There are 2 protein chains.
Amino acid sequence: MSEVVAIPVLSEEQATARLREHGILPTQQRLQIAQVLLTRDQHLSAEQVLELVNATGKSVSKATVYNTLGLFAEKGILREVNVDPIRAFYDTNSSAHHHFYNVDTGELSDIDSGQMPVEQLPVAPAGTVVDEVDVIIRVRNADPVKP
Amino acid sequence: MSEVVAIPVLSEEQATARLREHGILPTQQRLQIAQVLLTRDQHLSAEQVLELVNATGKSVSKATVYNTLGLFAEKGILREVNVDPIRAFYDTNSSAHHHFYNVDTGELSDIDSGQMPVEQLPVAPAGTVVDEVDVIIRVRNADPVKP
DNA sequence: CTGGCGATTTAGACAAAGTCCAGGCAGCGG
DNA sequence: CCGCTGCCTGGACTTTGTCTAAATCGCCAG
Ligand SMILES: [Mn+2]
Ligand SMILES: [Mn+2]
Ligand SMILES: [Zn+2]
Ligand SMILES: [Zn+2]
């Protein structure tokens with residue numbers, strides 16, 4: 001028997017509004033993606049987004065998922081997070097914040113801003129301007145206690 | 001006509017010593033790789049290392065380059081740097097330091113330690129311990145001056 | 001020496017993530 | 001209703017990296 005899982009989605013109106021705010025034309029597919037993504041703070045890979053969207057019944061192609069995530073990141077709705085050379089993650093929390101990355105589980109979690117002092121930045125190389133500061137704290141599962 | 005370019009290499013003795021210090025058995029291939037890599041601070045992708053080694057005349061297989069870079073990173077001779085979802089970079093400066101990443105050129109450069117205040121770390125998630133802190137400052141080429 | 005043995009290396013098949021392309025579709029303005 | 005522009009799509013393709021099975025290496029006991 002097939003399992004039915006409720007996937008929380010944003011209303012179409014709210015999704016449309018979010019896209020418009022960022023100057024993105026709200027097409028069918030972009031709305032599908034926005035509705036499943038923007039319900040809460042989460043960190044998902046492109047493949048996970050593809051699965052999630054298609055799990056809601058509506059289907060969106062791989063090419064469109066990649067194009068849309070790229071567009072959303074460019075327009076500032078999403079933030080691309082690079083912790084792993086094998087895939088990118090997209091972060092629905094686009095405000096400036098940092099991450100813990102558990103190298104054992106692959107889990108990515110936000111660092112509570114305020115926990116992380118905003119350090120003074122070093123001078124950027126000549127001819128360049130700072131775009132973004134990413135702090136990734138790699139953590140491992142603690143060893144089980146010794147007897 | 002083929003161009004002859006001098007590729008600086010570490011002496012075999014020095015390379016052997018570096019490997020032994022880190023508990024790595026110095027085989028032919030590992031020495032080849034160590035000799036071209038460990039001459040100076042640099043940030044190279046696996047494919048670049050493969051080209052560089054093979055440009056010295058001696059040839060090492062792709063599988064061995066990947067295995068060796070992984071081993072060197074595990075043993076602490078190299079540090080893997082993830083800035084780009086499509087490939088990993090290996091950093092011959094294995095001491096704790098941070099990076100500028102030019103998103104326009106793909107260039108990776110070290111941040112002079114001392115320029116980067118050592119921030120107090122947030123508390124790691126329950127059951128985990130901090131392994132490494134990576135700070136990546138993404139920079140863009142500055143726009144050409146307006147008239 | 002010589003044979004054996006675990007560790008290393010290798011070519012090439014394979015896999016995963018992402019990009020590209022040519023054709024089809026959607027939706028708006030006229 | 002037509003035509004234009006941008007968007008979407010399946011599927012081929014590329015790149016980076018991993019895996020496998022067989023060959024080779026370095027070393028040592030006999
Ligand atoms: Mn890897
Ligand atoms: Mn990318
Ligand atoms: Zn986040
Ligand atoms: Zn470095």
Side-chain angles (χ1 to χ4, degrees), chain A residues 12 15-16 19-20 22-37 43-54 56-75 77-78 80-91 103 106 108, chain B residues 12 15-16 19-20 22-37 43-54 56-75 77-78 80-91 103 106 108:
Chain A
E12 196 174 307
T16 303
L19 298 198
R20 289 239 160 84
H22 290 264
I24 297 168
L25 191 70
T27 67
Q28 285 296 140
Q29 290 82 357
R30 289 169 185 171
L31 285 174
Q32 292 306 322
I33 295 171
Q35 285 183 263
V36 300
L37 268 186
H43 308 93
L44 298 175
S45 68
E47 302 287 327
Q48 288 177 316
V49 173
L50 185 56
E51 279 174 37
L52 195 55
V53 171
N54 292 345
T56 63
K58 331 289 171 62
S59 122
V60 175
S61 74
K62 187 173 87 159
T64 297
V65 168
Y66 277 92
N67 288 340
T68 300
L69 292 174
L71 178 70
F72 285 7
E74 187 188 310
K75 298 293 189 176
I77 283 193
L78 296 178
E80 192 177 309
V81 182
N82 300 126
V83 281
D84 188 327
I86 76 172
R87 65 185 131 19
F89 286 96
Y90 290 88
D91 189 341
V103 297
L108 198 55
Chain B
E12 196 174 307
T16 303
L19 298 198
R20 288 237 162 85
H22 291 264
I24 298 168
L25 191 70
T27 66
Q28 285 296 140
Q29 291 80 356
R30 288 169 186 170
L31 284 174
Q32 292 307 323
I33 294 171
Q35 285 183 264
V36 301
L37 267 187
H43 308 93
L44 298 175
S45 69
E47 303 286 328
Q48 288 176 316
V49 173
L50 184 57
E51 279 174 36
L52 195 55
V53 170
N54 292 345
T56 63
K58 331 288 172 61
S59 122
V60 175
S61 74
K62 186 173 86 160
T64 298
V65 168
Y66 277 92
N67 288 342
T68 301
L69 292 174
L71 178 70
F72 284 7
E74 187 188 310
K75 298 293 190 176
I77 284 193
L78 296 178
E80 193 177 309
V81 182
N82 300 127
V83 282
D84 187 326
I86 77 171
R87 65 186 130 20
F89 286 96
Y90 290 89
D91 189 341
V103 296
L108 199 54

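This structure is a prediction, so every number in the text was calculated from the model and none was measured. Every chain is numbered from 1 and lettered A, B, ... according to where its sequence line falls, protein lines coming before strand lines.
What separates NZ of B:Lys58 from P of C:dT10 is a distance of 13 Å, to the nearest Å. Between the CD1 atom of A:Ile86 and the C1' atom of D:dT18 there is a distance of 11 Å, rounded to whole Å. Rounded to an integer number of Å, the gap from B:Arg87 CZ to C:dT19 C1' is 14 Å. One interatomic measurement links the two molecules: OH of A:Tyr66 to P of D:dT15, which rounds to 16 Å at whole-angstrom precision. In this structure, A:Leu71 atom CG and C:dT19 atom P are separated by 14 Å, rounded to whole Å. In this entry the distance linking CG of A:Leu31 with C1' of D:dC8 reads 14 Å, nearest Å. Straight-line distance from the CG atom of A:Leu44 to the C1' atom of C:dA17: 16 Å, rounded to whole Å. Rounding to whole angstrom units, CG of residue A:Asn82 and P of D:dT16 are separated by 15 Å.
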- Message: Set out, in order, the CA-CA distance, both residues' side-chain angles and the distance that settles side-chain contact (heavy atoms from CB on, under 4.5 Å) for A:Leu108 and A:Val83, then state yes or no.
- Response: CA-CA 9 Å; A:Leu108 198 55; A:Val83 281; 3.8 Å; yes

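With C:dT10, D:dT16, D:dT9 as the candidates, the nucleotide lying closest to the side chain of A:Gln29 is D:dT9. Side-chain atoms of A:Ala46 lie closest to C:dG18 of the nucleotides C:dG18, D:dG17, D:dC8. Side-chain proximity of B:Asn67 to D:dC7, C:dT10, D:dT9: nearest is C:dT10.
For D:dC8, the OP1/OP2 oxygens have no side-chain nitrogen or oxygen of A:Ser61 closer than 4.0 Å.
Side chain A:Lys62 to base D:dG10: no donor-acceptor pair is found below 3.5 Å.
As judged by a 4.0 angstrom heavy-atom cut-off over every strand, B:Thr27 is placed among residues touching the sugar-phosphate backbone only. B:Ser59 comes within contact range of the sugar-phosphate backbone alone, with a heavy-atom separation under 4.0 Å but no base atom that close.
Residues B:Gln28 and B:Ser45 both approach DNA chain D. Their nearest nucleotides, taken by heavy-atom distance, put B:Ser45 toward the 5′ side.
Rounding to the nearest 0.5 angstrom, the gap separating the CD1 atom in A:Ile77 from the CG atom in A:Leu71 is 8.0 Å. A:Leu50 contributes atom CG, which lies 12.0 Å from atom CG of A:Leu44 (distance to the nearest 0.5 angstrom). Rounding to the nearest 0.5 Å gives a distance of 5.5 Å between CD of B:Glu12 and CD of B:Gln35.
Applying side-chain contact (heavy atoms from CB on, under 4.5 Å) to B:Arg30 and the options B:Thr64, B:Thr68, B:Thr16, B:Val60 leaves one that passes, B:Thr68.
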